[in-house]
Amino acid sequence: MIVLKTGRELKVMREACRISAEALKLAGSAVEPGVTTAELDKIAEKYILSQGATPNFKNYNGYPATACISINNEVIHGIPSKNRVIKSGDIVSIDLGAKFEGYHGDNAATFACGDVSPEAKRLMDTTRESLYEGIAAAVSGGRLGDIGAAVQQYVEKRGYSVVRQFVGHGIGTQLHEAPEVPNFGTHGRGVRLMPGMTLAIEPMVNMGDYDVKVMPDGWTVLTKDGSLSAHFEHTIVITPNGPQILTKP
Ligand code: MF3
Ligand code: CO
């Protein structure tokens, strides 16, 4: 069931999303050569707790940290570790969220550490831009497939592929609610988009093939062909006047 949010609920959700965005920005600004992924995780966690919120990934299906931090060929769900040191040239995807007064926020971005290759830069730019294409397609009266189609078209035109095995999602009192929001699809297909729907749109884009595999740790998702991957995510609400991004600092 898709839950439409009321104005009162959106007010709380806006705050959960602001905290999520602020935490992502803080962790992202700390990306530099020599920093560990555990240190980035701690920065985000400290901030979220300081706002009276809780890190909503922690303990979700047993997930052990605040953030998922995935480097280079890692697509999503990388587990922060004090032994994982970031180096210049890495692209670092950070995904995290906060729960505030019963409502969730969720967002992600890929950050460059030092000088990254022009190829990596283009992948990151394309992925970020594809998220905004998807958001622009999230309009009342449209269909869910419009979002995925917009993302997919933008990405594939530039020679990259969209991950199929993981998708975006509805969000609210649960981190993951209906509907699933694929980053691929067909215009005009799927459920009707309506005001009050809150969605986490999150394209995962691979430089090579879209196939992925899960590491023996049971979490980290890698590209099967070893190619680079980027990930951007916003939580949005569909309003009568168009989509609105909630995960803004
Ligand atoms: N990052 C996922 C999402 O955006 C959720 C994380 S799953 C967790 O939907 F277990 F790592 F929390
Ligand atoms: Co999400």
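One is the number of the first residue; the rest follow in order along the sequence. Ligands are counted one by one from 1 in listed order, and the atoms in each one are counted from 1 as well.
- Below 4.0 Å from some heavy atom of E233 lie the following atoms of ligand 1, by number and element: 4 (O).
- Only the side chain of Y63 comes within contact range of ligand 1, with a heavy atom under 4.0 Å; no backbone atom does.
- Among the atoms of H176, none of the N, O or S atoms falls under 2.8 Å from the Co ion (ligand 2).
- Shortest contact from atom 2 (C) of ligand 1 to any protein heavy atom: D95 OD2, 3.6 Å.
- Residues E74 and R84 are paired through a salt bridge, judged by an N-O separation under 4.0 Å between the basic side chain and the carboxylate.
- For R128 and D125, the salt-bridge test passes: some basic side-chain N is under 4.0 Å from an acidic carboxylate O.
- Counting the atoms of ligand 1 from 1 in the order shown, those under 4.0 Å from a heavy atom of E202 are 3 (C), 4 (O), 9 (O).
- Looking at N56, T54, T173, T235 one by one, the single match for side chain to side chain donor-acceptor pair (under 3.5 Å) with H104 turns out to be N56.
- Using a cutoff of 4.0 Å between basic side-chain nitrogens and carboxylate oxygens, K5 and E177 are scored as salt-bridged.
- Where the criterion is an N or O separation shorter than 3.5 Å, residue side chain and backbone included, W219 fails it with respect to ligand 1.
- Under a 4.0 Å criterion applied to the non-hydrogen atoms of H176, ligand 1 contributes the atoms 3 (C), 5 (C), 9 (O).
- Proximity of C68 to ligand 1, defined as any heavy-atom pair under 4.0 Å, is confined to the side chain (atoms from C-beta onward).
- D106 contributes OD2 as its N, O or S atom closest to the Co ion (ligand 2).
- Side chain to side chain, H234 and Y132 meet the donor-acceptor criterion of an N or O pair below 3.5 Å.
- At least one heavy atom of D106 sits closer than 4.0 Å to an atom of ligand 1.
- Shortest contact from atom 7 (S) of ligand 1 to any protein heavy atom: H77 NE2, 3.8 Å.
- Between R122 and E119 no salt bridge is recorded (no basic side-chain N to carboxylate O distance below 4.0 Å).
- In this structure, a donor-acceptor pair under 3.5 Å is absent between the side chains of Q174 and H169.
- Residues K82 and E39 are not paired through a salt bridge, judged by the lack of any N-O separation under 4.0 Å between the basic side chain and the carboxylate.
- Below 4.0 Å from some heavy atom of H169 lie the following atoms of ligand 1, by number and element: 3 (C), 4 (O), 9 (O).
- One finds an angle of 90° at the Co ion (ligand 2) between OE2 on E233 and OE2 on E202, to the nearest 10 degrees.
- Counting heavy-atom neighbours within 6.0 Å of K58 NZ, excluding the residue itself, gives a total above 12.
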